[in-house]
Amino acid sequence: MCKAVLYSVLPILLLLTGVPVVENKCSRLPSGNCWVNCMQNIFDVICNGVTGDMIRQDIAVFAETPQQLRLYIWSSPKITRLSAEIFSSVAKQILTVDLQDIVNLDIFPELFGLTNLIRFNVWNSPKLDSLDLELLPPSLYRIALNKVGVTHLENDFTDIPSLPNMHEFVLRNVTIKGWQLNFLSVFPNLTRLEISNSTFDFAEWDHSKLMANVKTINRLKLSQNTVEAATVADSTAFFGALIDSLEVQPGADVDVSMNRLNITAQAVRNMLEGFASAKQLNIRENVITAPASAIGVMLRGFSQLEELDMGDTNLQAIQGMFGGLPKLRRLILDHNQLVNMTTVDIFEGVQFTNLTYLDLSYNDINRFSPSDSYARIVAPQISYLNLRGNKLKDFLPSVEEDQTVINSFINLDTLILADNGIVTFSGRRLSNSSKLRVLDLSCNAIRNLTKEAFLGLNRRLEELDLSMCIAPPLTAPWIDWDAFTTLPGALKRLYLRSGRYKKWIFGVIKQSGMALRMLQELYLDDNDISFLLKTTIPELPMLRVLSLSRNALQSIGPLVFQSLPNLVTLLLNDNQIVAIGRNSFISMKAMRLDLSGNNLLQIEPGAFDRVPLLQSLMIGRNPAEVQDMFIAGGKNLNYLGIQGYNKSCLTREFFKSLPALHWILPDEYNIVLVNPDGMKWSDEDVYLESQLQVCQIGSVEPDHEPYPKIPSLKNYVSVTIHDTDDGEGEQQYPVIAAFLPLNYCPVADYVVKLSNVICSSSTKMST
């Protein structure tokens with residue numbers, strides 16, 4: 001609802017400018033290319049395909065009001081500059097300026113007049129090659145530049161500092177060739193600095209000069225950067241000088257990961273001086289070349305550290321290297337050279353530890369150190385232990401000292417033993433782990449499973465992964481018919497993926513008796529199951545999720561799933577199912593059904609009518625027509641995935657039969673909200689799992705009949721913003737989703753933007 005009490009003058013102004021206001025809902029602004037979401041205290045003004053004059057005209061609507069605004073401008077190739085007079089009518093009211101895909105912007109925007117501006121973001125303006133900080137207002141809190149042409153970080157201020165309220169400075173996907181030594185001094189209160197996914201290309205760097213020190217940062221990210229091959233020496237020197245100039249605040253989060261740089265003895269000293277008070281430190285995917293003694297000294301200096309990630313750093317086991325970190329809770333050491341830790345006590349000297357999370361995956365470990373530090377102090381505290389990708393072939397040799405160490409892990413909650421080449425497994429080795437809930441034995445070399453394997457496991461174990469990761473020409477392992485009879489009775493999730501089992505695996509499950517009566521989730525993906533009969537699937541009264549993805553199923557007969565009375569989610573995607581009949585899912589209570597990526601040529605009319613509780617249906621990547629798959633059903637459907645569908649425009653009758661439908665997923669990433677009315681935005685969208693990307697809006701003219709109960713609601717469009725600015729890689733930009741009222745057949749630019757949209761091959765709109 002608009003804030004009618006606070007902003008009662010706004011609807012009158014909107015009406016005077018010809019902007020439709022429907023039941024206190026705000027829509028298009030005068031240009032027709034900007035929309036406003038007025039259903040919150042701060043209005044979002046979103047413009048697409050605009051010019052500077054259009055922006056000026058549209059935001060002037062709010063000139064005589066006290067209304068605060070966030071301005072989002074995207075996909076507007078005609079804009080080359082944004083001068084101060086464009087914003088002048090509401091200069092004090094704009095809190096955010098966000099520019100996305102303004103590909104021809106070549107001059108830094110004049111924003112100094114926006115005296116209350118808090119955030120300024122630019123994404124994908126490659127022609128913007130200068131950062132003119134003097135054009136920014138002192139009020140600015142955050143600036144983020146992503147995929148811009150700026151290469152030199154400089155300032156022309158005579159008075160430093162000049163941006164006293166700037167707390168966050170973010171650079172992503174840029175090439176840096178120059179850096180003024182006191183550049184960061186412009187931001188005296190900087191608390192967050194990020195340079196990521198970028199390239200350093202310094203043809204010359206003066207090693208004798210020092211950068212201005214910065215001591216205010218509590219969140220530092222210098223991650224996934226590279227140095228230009230032709231300027232390695234000077235570019236690396238710049239990176240080192242930058243790190244040397246930073247001293248973080250106590251409790252800071254420091255991420256200098258994935259730069260593939262050498263961590264030399266000097267780099268170790270720099271990190272110790274600048275990051276010693278950090279709470280979190282991530283240096284993974286850099287290469288440690290410093291001597292062992294230097295690494296040991298550095299680690300002992302991080303006495304406040306609670307989380308440490310040194311994965312994939314060429315780290316070797318050093319005596320006592322982690323003995324001086326009393327506050328450490330989380331330690332990640334995957335993909336290193338810790339094979340010699342069987343004889344080296346990396347925790348020597350520890351008197352007390354808070355360590356609960358330990359990742360030692362992919363280190364070629366074949367046994368544990370029998371040291372007292374492990375057995376007496378460290379092991380009893382660990383609740384998460386990842387040993388994936390090591391060489392524990394027999395799940396530890398049966399020698400006394402190893403048995404002592406594994407028996408010391410008395411508080412384990414999660415144990416990962418995947419991909420260790422384990423041939424035989426005995427649950428008795430874990431008899432002391434009475435709190436174990438999750439056990440992963442996937443991708444091992446087990447060729448024979450008997451009921452003895454599971455004896456001794458904690459009876460309250462909830463999750464077990466026995467996926468075999470077998471590919472042709474290897475055959476399925478042998479599983480005794482009674483092998484599962486000794487599984488813990490509390491088991492809720494069982495993974496049996498990639499075992500080439502065929503449907504006989506259901507026979508083994510059936511023979512388990514009471515052992516699997518509490519099972520809630522069963523995953524049988526990537527096997528060779530080719531057909532199912534009514535009697536194939538055993539009775540599993542508590543099962544809620546059954547996944548049969550990527551098998552060889554060609555058909556689904558009636559009542560195949562009748563033995564699963566509480567099934568909620570059924571995943572049949574990427575099989576070879578050709579047709580779906582009216583009785584294929586008869587009497588099922590499923591709420592989520594995935595049939596995408598099959599070879600569906602025919603969907604019988606009303607095929608899903610007999611799944612009355614269905615809320616999510618994924619039917620994309622199939623050649624079949626979907627227009628009449630619901631006739632009398634579909635009353636609870638919220639999510640419809642039609643990735644790649646291009647048979648025809650969806651008709652009015654199609655939508656009328658689905659009164660609860662809100663989301664259409666036309667491809668892997670994008671969404672269209674069909675019906676905004678009645679949505680509860682605080683509800684969690686449990687079925688919407690993909691990352692949102694940009695969705696455009698439909699045509700200017702109404703493309704449907706008025707809503708049955710709201711005759712005046714014709715072309716209302718409500719818009720919101722999904723800010724994914726803290727994402728990774730290519731997802732690091734703000735996302736705009738448009739909510740469309742029954743937009744049956746989008747206009748051409750919509751089709752281009754979404755690629756595979758509702759009617760991508762249609763030339764005429766169905767009515």
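Treat the numbers as computed from the prediction; the structure is a model and nothing was measured.
- Applying the side-chain hydrogen bond (donor to acceptor under 3.5 Å, both in side chains) definition to pairs two or more places apart or across chains, those involving residues 457-469 are Arg437-Glu462, Glu463-Arg493, Asp465-Ser467.
- Between Leu614 and the options Tyr639, Phe585, Phe630, a side chain to side chain contact (heavy atoms under 4.5 Å, CB included) holds for only Phe630.
- The ring-ring contact (aromatic ring centres under 6.0 Å, His included) analysis of residues 534-582, with sequence neighbours excluded, yields no pairs.
- Residue pairs that meet the disulfide bond (SG atoms under 2.5 Å apart) test with at least one member in residues 450-488, sequence neighbours left out, are Cys443-Cys469.
- The nearest pair of heavy atoms linking Arg500 to Pro472 is NH1-CA, 3.7 Å.
- Within the 4.5 Å cutoff, side-chain heavy atoms of Leu449 are placed close to those of Leu466.
- The nearest pair of heavy atoms linking Asp609 to Gly633 is OD1-N, 2.8 Å.
- Applying the side-chain contact (heavy atoms from CB on, under 4.5 Å) criterion to Tyr357, with sequence neighbours excluded, gives Arg330, Ile332, Asp359, Tyr384.
- Side chain of Asp594 to main chain of Asn573: no donor-acceptor pair is present (N/O by atom type, distance under 3.5 Å, no hydrogens or angles).
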TODO: Using the salt bridge (charged side-chain N to carboxylate O under 4.0 Å, His left out) rule, take Arg388 and Asp334 through it: C-alpha gap first, then chi angles, then the decisive distance, then the call.
DONE: CA-CA 9 Å; Arg388 181 188 299 271; Asp334 63 285; over 6 Å; no

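- The main-chain N or O of Ser383 is never found under 3.5 Å from a side-chain atom of Asn411 such that the two would form a donor-acceptor pair.
- When the options Asp526, Asp440, Asp525 are evaluated for a salt bridge (Lys or Arg N to Asp or Glu O under 4.0 Å) with Arg497, the one that passes is Asp525.
- Among pairs with a residue in residues 490-542, none fulfils disulfide bond (SG atoms under 2.5 Å apart), at least two apart in sequence or across chains.
- More than 12 heavy-atom neighbours from other residues, nucleotides or ligands sit within 6.0 angstrom of NZ on Lys635.
- Counting heavy atoms of neighbouring residues, nucleotides and ligands inside a 6.0 Å radius, atom NZ of Lys589 does not exceed 12 of them.
- Neither side chain, Asp574 nor Ser549, offers a donor N or O lying under 3.5 Å from an acceptor on the other.
- Among residues two or more places apart in sequence or in another chain, the side-chain contact (heavy atoms from CB on, under 4.5 Å) test is passed with Lys502 by Trp504, Asp528.
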